[in-house]
Amino acid sequence: MQRMSEDAIRCDACPVLCYIKPGRTGACDRYGNRDGQLVRLDPHVVLDRARSRGDSVVPFLDAEREWDGSIVKGPETFITAIGAGTTYPDYKPAPFIISSEVEGVDMVTVVTEGIFSYCGVKVKIDTDRHLGPERNLVRVKGEPVGHVTTSEYGSQMLSLGGVRHLTGGSRNEGNVTCETLLDLCNGKAADLEIDDGATVTVQADKPPIVNGALEERMRVGCGSATIGMFAKQWFGKIDEVVVVDDHITGVLSEHQAGKMLEVPETGIKLKGRRSTPGRYFKVAEPGTAWGGTNITDPLSILAPFDANVAWKGLRLLMVSTTGEHYAYYELDDTLQPREVELPAELRVSVERIKENCEPALCSVLFMGGAGGSLRAGVTENPVKLTRSVRESLTRVTCGGAPVYVWPGGGITLMVDVSRMPQNAFGYVPTPALVAPIEFTLRLADYGALGGYVERIRPVASLLEDNGRVRVSPRPENPWPLPSHGGKPKP
Ligand code: SF4
C-alpha cells in the first residue's frame, strides 16, 4: 500500500494500482480504503472441522488452545485463500504463510488469491440434445467467450474463457468473458448462445435449460448400448425395437444382443450409415428432438420394410435414449407402420429406460495455470515449487477443495467449483479471474525449496484477528491438510 495524497491510498495488490479515497473501493470491489487503511473487504474464510461435526462453536483460540507456542497442534482449522488477498508484484511473499502440525510433522500452508489471466472453465452439460457444431463460438451478450468442444458420453462440452478471449479480443469481449467466468465459478447462472445452435442456461450443479426447456435426465447410453441393456426385457414381447440416437442408433433384430437371443429378422431398413450389425450412424441431423437428432417423426428414419421378410401385424417400438420419446407401431396389410397405443408390458421397459437415466446436471471445472506471481510468492526459486508439486511433496487445494494437476510442465490445475466454498472467486479489471489457491507441504521441504521461512506465522496468530469467518468443510472433500505429514505414499 502506498499513500498518494492526504486522503487517497494506492492499492498495489494487482497491476491496476487503483487510487482509493476514504470510504471507497477499488475497481474490483475487493479492496477498500477504511479510515486510511487498505483492507480486503470480503471475509477471510477458514474451514472448521468442529462445525461440520456439530460441536459447539468456540472461539478460535479456545479451539486451538493446545498450541505450543510455535506450531499449532490440532489441524482442526484450515486457512483457505478465500479473502486472503494477493501480493504484487511477483517477488513479494504470499499474504499468509502458516504453520501447523499434522500427526507430529510440522507443515506449512502458503495461501494467496491468485490472479489468473490464463484460465477458463470446462463445462459438461448432461444432455443428448445438440447444442451446436463442434468449434462453433459460444457467446454472451453477443461477445465470443468460448467454443463448443468434443462431446462426451451423454454430455455436451464447452470450453469457455482462456487468455485469448480475456486479453486477445476487444475490451468488451474480455470484460464479458471475465464476467461470465466469474458468474459460473461462483455458482451463478450464465445464459449462453451458440452460433448455429441452441441457447443454454448453465449453472454449476443444476440442470441445464436448453432453448427454454429444463433438461431432466441424461441418456442411459447410446442407442446400441440401450439395445444391449434392455434386449432381454423386450424379448418375446415385441418383434423389433429401434433406439433412436444422434450418434449410434440401435436395431434389436440386427444387433448382437438380438442375435444371441435369436430374435428373427424383421426386414426393417434404416436410413443412415450402417456401422456394425444393428448399429447405424447419422440416421438424421443433430438437433434437440428424438435422441439428440432433429427428427420429430421417428418413421422418417425408416425405409420401406423388406416385403419378403416383414409380416402384417409386426410389432415395432421406437424409443429415444432417455425414454422421453417413444412410439409403438404395428404393420398393416401393406407393411406400413400404424401407430397404436403402447401395451402396458412395453410401457414398463420405457419406464425402465427413464429410470436408468441419471439426473441431468451442469458441471463447471475451473482450469488455470499457476504462473509467476503465484509461484514466486511461495519460493524465491519457483521451479522448485513446480517440481515439489510434481513429486507430490506439495498438496495443492483451491479453497480447501482437491484439485487435479495436469502432467507435464507448469502447475496447470482443474477444480470442481461446486466443491469450493461459495463466492470463492473474484476478478480484477485487467481482466483476469482471482481464484484462491493453497500450497501445503512439510516445513523441512518448504525450507529446502527456498521458501520464505522467515515469514511463517502460526495459525493462532491469524485466528486472533476479527474479519474471518468459519465454514464447515464440504463432506465430500478430503481434509486439505494431508495425513501422515504429507509424506508421499510408497
Ligand atoms: S483492481 Fe482491486 S486489487 Fe487491483 S489495484 Fe484495484 S483495488 Fe487493488
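Quick note: numbers below take in every heavy atom, side chains included, and nothing from hydrogens, waters or symmetry partners. The structure presented is a predicted model; accordingly, all values stated were derived computationally and were not measured. First listed ligand is number 1; within each ligand, the first listed atom is number 1. Here, residue 1 is the first one in the sequence, and each next residue gets the next number.
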Enumerate, atom names and distances included, each donor-acceptor pair closer than 3.5 Å involving a side-chain atom of residues 356-367, sequence neighbours excluded.
{"residue": "N356", "atom": "ND2", "partner": "R352", "partner atom": "O", "Å": "2.9"}

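Relative to the six-membered ring of F96, R468 meets both conditions, a distance below 6.0 Å and an angle of at most 45° to the axis.
A salt bridge between K282 and D246 is absent, with no side-chain N of the basic residue lying under 4.0 Å from a carboxylate O of the acidic one. Between K141 and E143 there is no salt bridge, since no side-chain nitrogen of the basic residue lies less than 4.0 Å from a carboxylate oxygen of the acidic one.
Residue pairs satisfying the salt bridge (charged side-chain N to carboxylate O under 4.0 Å, His left out) criterion with at least one member in residues 111-125, sequence neighbours excluded, are listed as follows: R30-E113, R40-E113, K124-D126. Evaluation of the ring pair (Phe, Tyr, Trp, His ring centres under 6.0 Å) test over residues 169-221, restricted to residues two or more places apart or in two chains, returns none.
Looking only at protein N/O/S atoms, the ones less than 2.8 Å from atom 8 (Fe) of ligand 1 make 1 in total.
Contacts with ligand 1 closer than 4.0 Å are made by side-chain heavy atoms of P429 only, the backbone lying farther away.
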